[in-house]
Amino acid sequence: ADWLQFRGTDNRSVAAGEAVPSMWDEVKNVAWKAALPGEGVSSPIIVGDRVVVTASSGPNQDRLHVLCFDAESGQELWHRQFWATGRTLHHPTSSVAANSPASDGERIFAFFSTNDLVALDLDGDLLWLRGLTADYPKAGNDVGMASSPVVVDSTVIAQVENQGDSFVAGIDAATGKTLWKIPRPESANWASPTVLTAKDGGQNLVLLQCGTDLAAVEPRTGRTVWKFENSCSTIPSTTVDGNEVYVPANGLTALSLPASGGDPTMLWESNKLSVGSASPVVHDGKIYIVKRAGVLSCGDTAEGDVLWQLRLKGTFWATPVLADGHLFLINQDGLAQIVKVDGEEGEVVSEYDFGEPVLGSPAVADGAIYFRGESNLWKMAGSFLVVSASNSIEIQTTGPIHGSIRPPGSKSITNRALICAALARGTTTLVGALDSDDTRVMVDALKQLGFTVDHDKAAATIAVEGRGGQIPVRSADVYVEASGTTMRFLTAMLTLGQGKFRLDGVPRMRERPIADLVEALEQLGANIKYEANPGCPPLVIHATGLKGGDVSIRGDISSQFLSGLMMAAPYAKSPVKVSVEGELVSKPYVQMTAKVMNSFDVPMKQFAAKPQRHRKEGAGEAQRIVKVGLGEANFMKPIKLEIPAPSRYMALKYKVEPDASAASYFLAAAAITGGCVTVEGLSRSSIQGDVEFADELIKMGCELEPTDSGEGIRIRGRNLKGIEAYMSDYSDTVQTLAAVALFAEGPTTVTGVPHIRLKETDRIAALATELRKFGAKVDERPDGLTITPPAELRGAEIETYDDHRMAMSMALVGLRVPGVVILDPGCTSKTYPRFFEDLDRLKSGA
Ligand SMILES: O=C(O)C1=C[C@@H](OP(=O)(O)O)[C@@H](O)[C@H](O)C1
Ligand SMILES: C=C(OP(=O)(O)O)C(=O)O
């Protein structure tokens, strides 16, 4: 669908049939956000698959911009710039880009408060340009007039009313020639023309509102057909709904148009519905008016009586839009308040803070809603199934789940491939890349460091132009939010640069250790300082390159230190020989690092010390033998490896596997509900160690079934018994196992995971606290825990501690236990923004 001009194609601010998400969450619903080059209070418009917006920039605001973005991806398709020919002075709340553009579906007409009118085709090619101030030099204003043009019958109607020469002009859309021009009162008027669409063989008209009257004129000739003489507002505009016209005059005045044509008659006047700066919105027998101070009134169209009122937060300029039973209102500070209006009373169902002023009215098309903020254009889209305004989600119980699912791309692989791609020579394309907080901060960091990164979210591809080991910029202050991999991998990578780099993250990141990595890099000549607490971020890296040589690194706190070091090593000046001290945790992640590096054409030698028996319980698995590059190693302690340097990565097209940690939740759902779930795109030969989580389920009694295609991992739930699990290698699945343990007979003991106390939260402590709420008995130890399920589990409200895995794992309990409420479910956005939707889809068998 289109939204071709201010307040929509028919100027009504209504997109009744559009299912727009009414509760917003940053990661789930911000489809994209595009930075704009200048200021503006105009509304965006939607022409087919394109979003068009205007801006002005420069010390005098005389640079006029028209920008076009791809609605799906948010990619800028084109950007045209012009010099203003008229006056650029404006009131601080307004702008030169105050008037919204308009389109006839083939052309775009951008109008500015300087009275410059530009016509472009949909590819941004200039069709014509009119400097109306050059033509009519006495027309001009210094407050930022905001009247938005409309296009009717191939005519662009521009209303220019100010203290000087004032007129309305009908300009031929094809040629830019003035068809007619009528004089208007010389007084400031911000109101926009309104289209009165023809009915039953009649003609289209344009309503022109000013301080003295409302006139209906013919678009092609400017001839006045009728006039309603009354003092009208000069800020909000008239709204038409069927045969009724709602004029901001004497409060609000309703006029009725005779079906046969001719002059309108007055239905009523209501001073209780007096209009503020925003224009009235009329739909389904109701009128919605928001006053500047934030009172939202709903009136009936029959009599103009007030039905209900609601006090909202903030000051309102922008006209709201109505879609899918909700009114979307945005205040001047950029706080959106979404009001459900299809009930007896209005109810604020959610709020979303854009964090920047928004003065323009939003645009709605194809299930999405667009906002133009002071600095960004935002697209809000996507379904938002279950999260309530209280920011929690109650899981609905279900019978056995049968189905199959392909989780999004692996976080660990995506972030490794991004590092290698940036350091490589040539352009790498990641296919099936994850789009979540953890990968977004990595992508944004690379952009900030000067790399060209093209993220096509719809296609799940990320293209990175590698710089052959160079870091393009000489200084950057990078914020990695809560992403451990981004913090650790960038710390190592940035030592390869030349300059000063700072790395910081959320408060929890400032508690997560990094000293082992810093000390290892220092052995290779790096200079890294702790800004606050020794051993933890924020870090300041004074980069002069890495010299290479021998280095020892501890592996018992996090494997990410070794992985980070390994990925930077090919760009050291001489070969890097690493020995790992202490028990290496999360070993398969190191193996994954070696494999990803190998794909980018860097081999390495690995030397295994005396092989040791795996402490893992179970079917007497063989020792893990890892073949990587030139050598063989099993990553048991201690290991040594040698990375050739100086060496280089070669760009490639890299396919990212689905995330195996994410897969654990769905396999566990089969175990818990006694169903059968297939995870697509993964196999037991995945490069992710977390696929071994399936082994633990098998130990508990589940069956691993062959799939029809021979691909994927399929688990069938059976009667579950408690087990002992040594989970050092795949500790991200401890919480998943803990959820399953509640449904087993007998206790389950997890060992080998002291390091999970150092993740997004202390996961052992968090599990102990939350599992007890379900009635379980939990014995907590430094390196793990024992979970004894109660005779009967009970529902509970579960804290998630900003830990995506607490939310995803504990939600599984709710598949069988009524009354499980997950608080702050949005935290899954760290690695899996659409987890709850996917879980729901799997439950419903879709
Ligand atoms: O290298 C990686 O991609 C990861 C390694 C693991 O961390 P530790 O090595 O700190 O256990 C894991 O928990 C994390 O989610 C991702
Ligand atoms: C521990 C995790 O992430 P990270 O260490 O990358 O922040 C995780 O995803 O569970």
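Source: prediction; values computed, not measured. For ligands, and for the atoms within them, numbers begin at 1 and follow the listed sequence. Hydrogens, waters and symmetry mates play no part in the numbers below; they use all other heavy atoms, side chains included.
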Sub-4.0 Å atoms of ligand 2 with respect to non-hydrogen atoms of Ala482:
7 (O)
Among [options], which one puts a heavy atom closest to [atom]?
{"atom": "atom 1 (O) of ligand 1", "options": "Arg416, Met592, His804, Gln688", "answer": "Arg416"}
{"atom": "atom 15 (O) of ligand 1", "options": "Leu758, Thr593, Asp732, Asp438", "answer": "Asp732"}
{"atom": "atom 16 (C) of ligand 1", "options": "Gln560, Arg488, Lys759", "answer": "Gln560"}
{"atom": "atom 3 (O) of ligand 2", "options": "Met806, Arg508, Lys411, Lys759", "answer": "Lys411"}

Polar atom proximity, Tyr589 to ligand 1 (N or O, under 3.5 Å)
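Between Tyr589 and ligand 1 (N or O atoms, distance only) the closest approach is not under 3.5 Å.
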Is there at least one pair of N or O atoms, one from Ser586 and one from ligand 1, spaced under 3.5 Å apart?
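Yes - when backbone and side-chain N and O of Ser586 are compared with those of ligand 1, one distance drops under 3.5 Å.
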If we only count N/O pairs under 3.5 Å, is [X] in contact with ligand 2?
{"X": "Thr831", "result": "no"}
{"X": "Gln560", "result": "yes"}
{"X": "Arg488", "result": "no"}

Does ligand 2 have an atom under 4.0 Å from some heavy atom of His755?
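Heavy atoms of His755 never come under 4.0 Å of ligand 2.
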Using a 6.0 Å cut-off, check whether atom CD of Glu780 has over 12 heavy atoms from anything other than its own residue.
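Count over threshold, so yes.
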Tell me: protein heavy atom nearest [atom], and distance?
{"atom": "atom 8 (C) of ligand 2", "answer": "Glu760 OE2, 3.2 Å"}
{"atom": "atom 9 (O) of ligand 1", "answer": "Ser559 OG, 2.5 Å"}
{"atom": "atom 10 (O) of ligand 1", "answer": "Ser558 OG, 2.6 Å"}

[X]/[Y] ion pair, N-O < 4.0 Å:
{"X": "Asp435", "Y": "Arg834", "answer": "no"}
{"X": "Lys640", "Y": "Asp550", "answer": "no"}
{"X": "Lys411", "Y": "Asp659", "answer": "no"}

Distance filter under 4.0 Å to Ser412 heavy atoms, resulting ligand 1 atoms:
2 (C), 3 (O), 4 (C), 16 (C)
